[in-house]
Number of protein chains: 2
Amino acid sequence: MNIKLLPEDWINEAFAMLAEGGVDSIKIEVLAKRLNVTKGGFYWHFKNRGDLLERMLEHWCQRRIETIRGQVARETDPVATLNYLLGLYTDQTNPRGNAIELAVRSWARQSEAAAATIAVVDRERLAAVAGLFRSLGCADAEAEARAYLFYSYCFGQSLLAVGHQDELDQIRLLCGRLLVTDSAHK
Amino acid sequence: MNIKLLPEDWINEAFAMLAEGGVDSIKIEVLAKRLNVTKGGFYWHFKNRGDLLERMLEHWCQRRIETIRGQVARETDPVATLNYLLGLYTDQTNPRGNAIELAVRSWARQSEAAAATIAVVDRERLAAVAGLFRSLGCADAEAEARAYLFYSYCFGQSLLAVGHQDELDQIRLLCGRLLVTDSAHK
DNA sequence: GAGCGACTATACGATAACGTATAGTCGCTC
DNA sequence: GAGCGACTATACGTTATCGTATAGTCGCTC
């Protein structure tokens, strides 16, 4: 009756659970129930829970790298690209992606494998953004520092729980200026 | 034979577990074992697991507020204070405090109570740091934005997993300049 | 040294999760 | 329409954890 579930489907739903409650909240039977099947199916596709987690990391790593490469490759205006990237983390339009990002990073604090994965992704993203800053005329060291600050801000910001929306919008606008626009005026 | 355990002791050890593995890793029996007693004692001091978690939040909230107030009250040179605060998060000297900070924030994503707690702490800290920036001559809006950027950087930075130590030191030095020193030259 | 308050130790029942085993179903091909 | 590969459903054993109950111990006071 139902269309067959692919490993992708399990992984996707597992990411939803990850976003909602962290790695530890990924329970196989709960996951199966959310997909309206029983856990028997899970063990067809996956060796065990660890296998799922591994494949989630691979999946996430690949997508993140594809995405950042795509975004920078298509770049014409570095400032616009930086502002766009910034928006990915500050906009309320992508709460899920944001939650996943944080959850994976939280996961990395307990798991070597996850830590290794985010290290790969971070290197890629920092290199990409540092490149943008260089094309705005920053020297190598400053470009790297600005990239580092840039991503720290992106992630750290989702950890701060303050302010009302309009107030926040104002603050973030100014932050964007400090992070991006200022670097071009030199 | 053993000196009696106070609720504080339980809470402290629970924070250690929190730092190591997140809220979900706080298991009562494991906690008791780490204190070399059995869980019977736990239920003498605490109504149940939720009670422990609540009291941990209260404890954390109080300490964080005391700390930030103390640090700012004793202030003579705002730049030095800002750099000192920055150091608290970047130095490797306080990995535990850092880990707790992140773990509590991660916890806040699953729990209303934790979210409310960090909101209180964040408000306090942002107000304190914004005050420092104002005393460096920043206008209100800019001071708030800089404070927001400042703390986002602090937390976000512990989420980034890249670079070797010497490289990182260099980057962080520059970030400190972008965040703090620059704001004074206006 | 009896008794009490503040605990700790042990044992228990309940639930939830993991992973396995086994039997069933469904859709496709031949 | 038989058979096969790709799954799903059900049932099971095991372990971890929660919370409770109950009995013990320890140190102090009177």
Side-chain angles (χ1 to χ4, degrees), chain A residues 1-59 100 103-104 106-107 109-114, chain B residues 1-59 100 103-104 106-107 109-114:
Chain A
M1 62 199 300
N2 247 332
I3 292 164
K4 302 299 175 111
L5 291 174
L6 300 171
E8 308 282 314
D9 299 313
W10 288 92
I11 290 177
N12 272 333
E13 194 64 30
F15 268 112
M17 294 181 73
L18 175 69
E20 289 162 27
V23 223
D24 293 338
S25 78
I26 303 177
K27 312 283 171 81
I28 292 165
E29 296 183 67
V30 178
L31 178 55
K33 190 157 287 168
R34 286 172 66 137
L35 292 168
N36 293 310
V37 294
T38 55
K39 66 177 168 172
F42 174 86
Y43 288 99
W44 179 261
H45 294 291
F46 302 91
K47 211 169 126 266
N48 52 30
R49 187 172 178 274
D51 184 26
L52 168 67
L53 297 184
E54 255 179 56
R55 281 154 79 175
M56 287 174 72
L57 285 177
E58 274 170 44
H59 189 267
I100 291 176
V104 172
S106 187
W107 179 6
R109 311 203 61 258
Q110 313 172 222
S111 146
E112 263 308 312
Chain B
M1 63 203 299
N2 247 332
I3 291 164
K4 302 298 174 110
L5 290 174
L6 299 170
E8 307 282 315
D9 300 313
W10 290 92
I11 290 177
N12 272 334
E13 194 63 30
F15 268 113
M17 294 180 73
L18 175 69
E20 290 162 25
V23 224
D24 293 338
S25 78
I26 302 177
K27 311 285 171 80
I28 292 166
E29 297 184 65
V30 177
L31 178 55
K33 190 157 287 167
R34 287 171 66 137
L35 293 168
N36 293 310
V37 295
T38 56
K39 66 177 168 170
F42 175 84
Y43 288 99
W44 179 262
H45 294 291
F46 302 91
K47 212 169 126 267
N48 52 31
R49 186 171 179 275
D51 185 27
L52 168 67
L53 297 184
E54 255 178 57
R55 281 154 79 174
M56 288 175 70
L57 285 177
E58 275 169 44
H59 190 268
I100 291 176
V104 172
S106 187
W107 179 5
R109 310 202 62 259
Q110 312 171 223
S111 146
E112 263 307 313

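Being a predicted model, the structure only gives us computed values, none of them experimental. Throughout, protein chains are lettered first and strands after them, A, B, ... in sequence-line order, and every chain is numbered starting at 1.
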Using whole Å, report how far [atom1] of [X] lies from [atom2] of [N].
{"X": "B:Lys33", "N": "D:dA16", "atom1": "NZ", "atom2": "P", "answer": "9 Å"}
{"X": "A:Tyr43", "N": "D:dA11", "atom1": "OH", "atom2": "C1'", "answer": "15 Å"}
{"X": "B:Phe42", "N": "D:dG19", "atom1": "CZ", "atom2": "P", "answer": "8 Å"}
{"X": "A:Leu53", "N": "C:dG19", "atom1": "CG", "atom2": "P", "answer": "10 Å"}
{"X": "A:Leu6", "N": "D:dT8", "atom1": "CG", "atom2": "P", "answer": "10 Å"}
{"X": "B:Phe46", "N": "D:dT17", "atom1": "CZ", "atom2": "C1'", "answer": "18 Å"}
{"X": "B:Asp9", "N": "C:dT8", "atom1": "CG", "atom2": "C1'", "answer": "15 Å"}
{"X": "B:Asn36", "N": "C:dA9", "atom1": "CG", "atom2": "P", "answer": "9 Å"}

Which nucleotide, [options], lies nearest any side-chain atom of [X]?
{"X": "A:Trp44", "options": "C:dC7, D:dA6, D:dA9", "value": "D:dA6"}
{"X": "B:Asn48", "options": "C:dC7, D:dG19, D:dC18", "value": "D:dG19"}
{"X": "B:Thr38", "options": "C:dT10, D:dC18, C:dG19", "value": "C:dT10"}
{"X": "A:Ile28", "options": "C:dA17, D:dC18, C:dG19", "value": "C:dG19"}
{"X": "B:Glu29", "options": "D:dA9, D:dT17, D:dA11", "value": "D:dT17"}
{"X": "B:Lys39", "options": "D:dA9, C:dT20, D:dT20", "value": "D:dT20"}
{"X": "B:Arg49", "options": "D:dG19, C:dT8, C:dG19", "value": "D:dG19"}

**Asked** Hey, what's the ring geometry for A:Phe46 with A:Trp10, parallel, tilted or perpendicular (30° and 60° as the breaks)?
**Response**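 Aromatic pair A:Phe46/A:Trp10 classed perpendicular.
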**B:Leu35 and B:Phe42, any side-chain heavy atoms less than 4.5 Å apart** =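 Result no, sub-4.5 Å side-chain heavy-atom pair not found.
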**Side-chain touch A:Leu52/A:Met56, heavy atoms, less than 4.5 angstrom** =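 Sidechains of A:Met56 and A:Leu52: in contact.
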**Request:** Say whether, by atom type as modelled, one donor and one acceptor occur between the side chain of A:Arg49 and the main chain of A:Ile26 under 3.5 angstrom.
**Result:**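 The answer is yes, because a donor-acceptor pair under 3.5 Å joins these two groups.
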**Message:** Rounded to the nearest 0.5 Å, what separates atom CZ in B:Arg55 from atom NZ in B:Lys47?
**Reply:**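 Answer rounded to 0.5 Å: 11.0 Å.
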**Duplex segments of DNA chain C, taken as runs of at least three Watson-Crick or G-U pairs that stay under 3.5 Å** =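 The stems are C:1-30 with D:1-30.
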**Request:** Identify the two heavy atoms, one from B:His59 and one from B:Phe15, that lie closest to each other, and give their separation to 0.1 Å.
**Result:**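 In this case the closest contact between B:His59 and B:Phe15 is ND1-CE1, 3.8 Å.
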**Asked** Closest heavy-atom contact between A:Arg34 and A:Ala16?
**Response**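 So the minimum-distance heavy-atom pair works out to NH2-CB, 3.8 Å.
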